[in-house]
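Written out below as C-alpha cells is the structure these notes cover.
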Amino acid sequence: MPPEVPRQHLLEQSGLSPAILAALASKGIVEIFTREINRFNYTGTEQGELPKLSAPQSEALDSIHRMFIDKNVTLLHGVTSSGKTEIYIHLIDYILNKGSQALYLVPEIALTTQLTRRLQKVFGKRVIIYHSKFSDNERVDIWKRMLHDPSPCVVIGARSSLFLPFSRLGLVIVDEEHESSYKQFDPAPRYNARDCAIVLASMHGAKTLLGSATPAIETYYKALNGRYGLVTLSERYEGVQLPLIEIVDLNDERRRGRISGPMSARLAMMSREAVKGGEQVILFHNRRGFAPVVVCKQCGYVPKCQNCDVSLTYHRKAGEMVCHYCGATYKLPTICPACKEPAIEVYGYGTERIEEIAESSFPGARIMRMDLDTTRNKDSYLNIINDFSLGKADILVGTQMVTKGLDFERVSLVGILNADNLINFPDFRASERAFNMLEQVAGRAGRRNKRGLVIVQTSQPAHPILSYLQAHNYEGFYEHELEERRRYGYPPFTRVINIYLKHRDEDLLIRAAAGYAETLRHLFGNRILGPDEPHIARIQSLYIRKIMLKVEIQASMSKVKAILRSVYEAQMADKSLRSLVVYYDVDPM
C-alpha cells in the first residue's frame, strides 16, 4: 500500500489547486480520506534511560516502596534540589512497566514546561500534558485519548487534570504539596487538589506520593503520627550545600542611607558581581504591576475600584490603573478628583517597576520578568523559562511563579526584596505561607557546584520565621508553628470552615451576618468566630462578611454539614434575604 500524504502537504509541494486534487480523486487516481491525529504526538527521541540516583536517592526510593506496602499515602520530605524529580521518574517507570497509568500534579502551569522535557526524554509519547491554558479543542483531544486508550501513560498537569477519565491509575504524585495554588476557592467547586488526589487514588486502588521541601503543617503532622508514611531526603544532590541566607535590616539601611529604591546597597552590589561573573540572579517580589499605590500628595486621596474595596495598582506599560480583583481598568488622573490639584503620584514597587529599575541600575544586564502580566499566553511560560535557562537573560524579576520547583543551573543569587509583605498578613496560615515561600525561592540559588546566596530584605530582622529560614530548619519551624496552632485551636487540631455572606446592600448584610452568626453560636457555642470584615470587604459590588467555624477533628462532618444546611434553609426562609449569597470554604488555604 503506498504511503499516505497529508492533503495540505501535497498541495504545497505539488502546486496543485484543491479543484484539481478533487478531480483526481473523482477519477480514482488519488484517494482522499479523513484520519484523526492527536495534536500532542511527541516527535522527539525517546531515550528511555532513567536518571542515575545517588546513594541517598536510592535509599529514599527503596523506603518509598517499603512504605507503600502498608501506607496508601507517603510524604517525601526532601530539601530543595535534593533530586525528588529523579525519584518520581523511577517510580513512574515502575508503574508504567506494570501496565498502569500515573498522574503527576504540579501547582503551577509554569512547572509543566521543564518537567515535560525531562519526562519526554525518558517516556516519549507516553507523556501527556494537561492544564487550563489549553484551548477547548486541545483538551477534548486529551480527554478522548484518555477515554479510549487505556495504555500506560503519565499525565503531567495542574489541578484540573484530576478530572481526566483514568482507567488504570496506579500512582498519583503531588509535587510541592504544600502549595496554596492547589486550592480552588472561587468559583465553586471549592476543593483542594491534594486532598482530591488522595481520594482519586483510593478509588483506583492506587498509591499517593506527596513531595515537598516544606510540607504543609497538617501533612507533616499526619506523617509524624503514622497516618501517612514518611521518607526524608536531607541533603542536596551531589552534596551541594544549601544556600547561605543573609538578612538585611531595611530600617538600618535607611538610617545609614544605603538603600535606593527597592534594593539595598548589599543586594545591588552582589547582583552586579554575579552578573559580571557570568551568573544569573532572581529578584523576587510578590506584587505585580508598576506601583501598588496611587495617591494625591496634597490631600491623600487614593483612587479605589468602583466595584471593590481595594486601591488600584498602576500598570505603566498599559498606561492604566487596574483592580486585581475584578479586572476593571481606569485612566490615571492628572488632576486629583478630590482637591482638584495636579498632585497625583505613584508609590511603592511592583515587578514592572522593579524590572525598569534593574535595567537602569545594571546597565548592560539583560532583564526578564515573569508574572501574571507576562504569562497570559499558553506559550509564555515556556518561552521565559527556556530563554532564562539558556542564559538569554542575566536577571529574572518575578512573583511567586519563580519560587516553585524551577531548576536554573546558573542562578547563584536570589534577592527577596520585601519579606514583610509575606509575614504581615491577617491569616492564621501567614507564618507557614511565608516560611514556605521564602524557603522555596531560596532553593533556586546554587543548585550545582557553587553555594548560592540569598539576601532577604526586611524591616523585622528579629522575626522568628527568619531565624528558622537562615538555618534551613523546617523541623524547628514546624514545632514552633504547631505550638501556636495548639494554643489557639487551629488545624491540625481542628477543622476550619469559613462561611462567607455577600450582598449589594451593606446594611442588610450586616444585619443578616449578625443573625446568621447568632443562630450558629446557639448550636456550636464558642466554636463560632465573627462575623468579621475580611481583608477585602467588597468585591465586584458585593459587600462581604465572614464567619469562622472551628470543629474538632473527631466531630462528624456529615452532622456538621446537616446542621449548616438546616440553618441556611431557615435563614433563607426570610424573603428579604433571598438575594443573599452564602457559600462555605472548608479547610481554607
Are any non-hydrogen side-chain atoms of [X] and [Y] less than 4.5 angstrom apart?
X      : Y      : result
Val154 : Gln101 : no
Ile64  : Ile87  : yes
Tyr88  : Leu115 : no
Ser202 : Asn72  : no

From [X] [atom1] over to [Y] [atom2], what is the distance, rounded to the nearest 0.5 angstrom?
X      : Y      : atom1 : atom2 : value
His472 : Leu242 : NE2   : CG    : 5.0 Å
Leu209 : Lys71  : CG    : NZ    : 14.5 Å
Leu103 : Leu164 : CG    : CG    : 8.0 Å
Leu105 : Glu176 : CG    : CD    : 12.5 Å

Just jot down the salt bridge (Lys or Arg N to Asp or Glu O under 4.0 Å) partners of Arg227, sequence neighbours excluded, or say none.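 Arg227: no salt bridge (Lys or Arg N to Asp or Glu O under 4.0 Å) contacts found.
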
Donor-acceptor side-chain pairing of [X] and [Y] below 3.5 angstrom:
X      : Y      : value
Arg117 : Asn386 : yes
Thr232 : Ser234 : no
Ser389 : Glu409 : no
Lys183 : Asn192 : no
Gln57  : Ser54  : yes
Glu439 : Thr80  : no

Centroid separation under 6.0 Å, is that true for the rings of Tyr474 and Tyr468?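 No: the rings miss the under 6.0 Å criterion.
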
Other residues, nucleotides, ligands: >12 heavy atoms within 6.0 Å of [X] [atom1]:
X      : atom1 : answer
Asn526 : CG    : no
Phe493 : CZ    : yes
Glu484 : CD    : yes
Tyr191 : OH    : yes

Check Leu549 against Val551 and note the closest heavy-atom contact, atom names and distance. CG-CG2, 3.6 Å

Heavy-atom closest pair, residues Arg545 and Ala513: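 Closest approach of Arg545 to Ala513: CB-CB, 3.9 Å.
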
Aromatic rings Phe435 and Phe477: how do their planes relate, parallel, tilted or perpendicular, breaks at 30° and 60°? parallel

Decide, yes or no, whether a salt bridge links [X] with [Y] under the criterion of side-chain N to carboxylate O below 4.0 Å.
X      : Y      : result
Asp532 : Lys546 : no
Arg527 : Glu552 : yes
Lys222 : Glu218 : no
Arg139 : Asp141 : no

With Glu177 as reference, evaluate Arg194, Arg159, Lys84 under the salt bridge (charged side-chain N to carboxylate O under 4.0 Å, His left out) test and give the passing residue.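 Among the candidates, only Arg194 passes.
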
List in chain and number order the residues that pass side-chain contact (heavy atoms from CB on, under 4.5 Å) with Glu235, two or more places apart in sequence or in another chain; answer none if no residue qualifies. Pro56

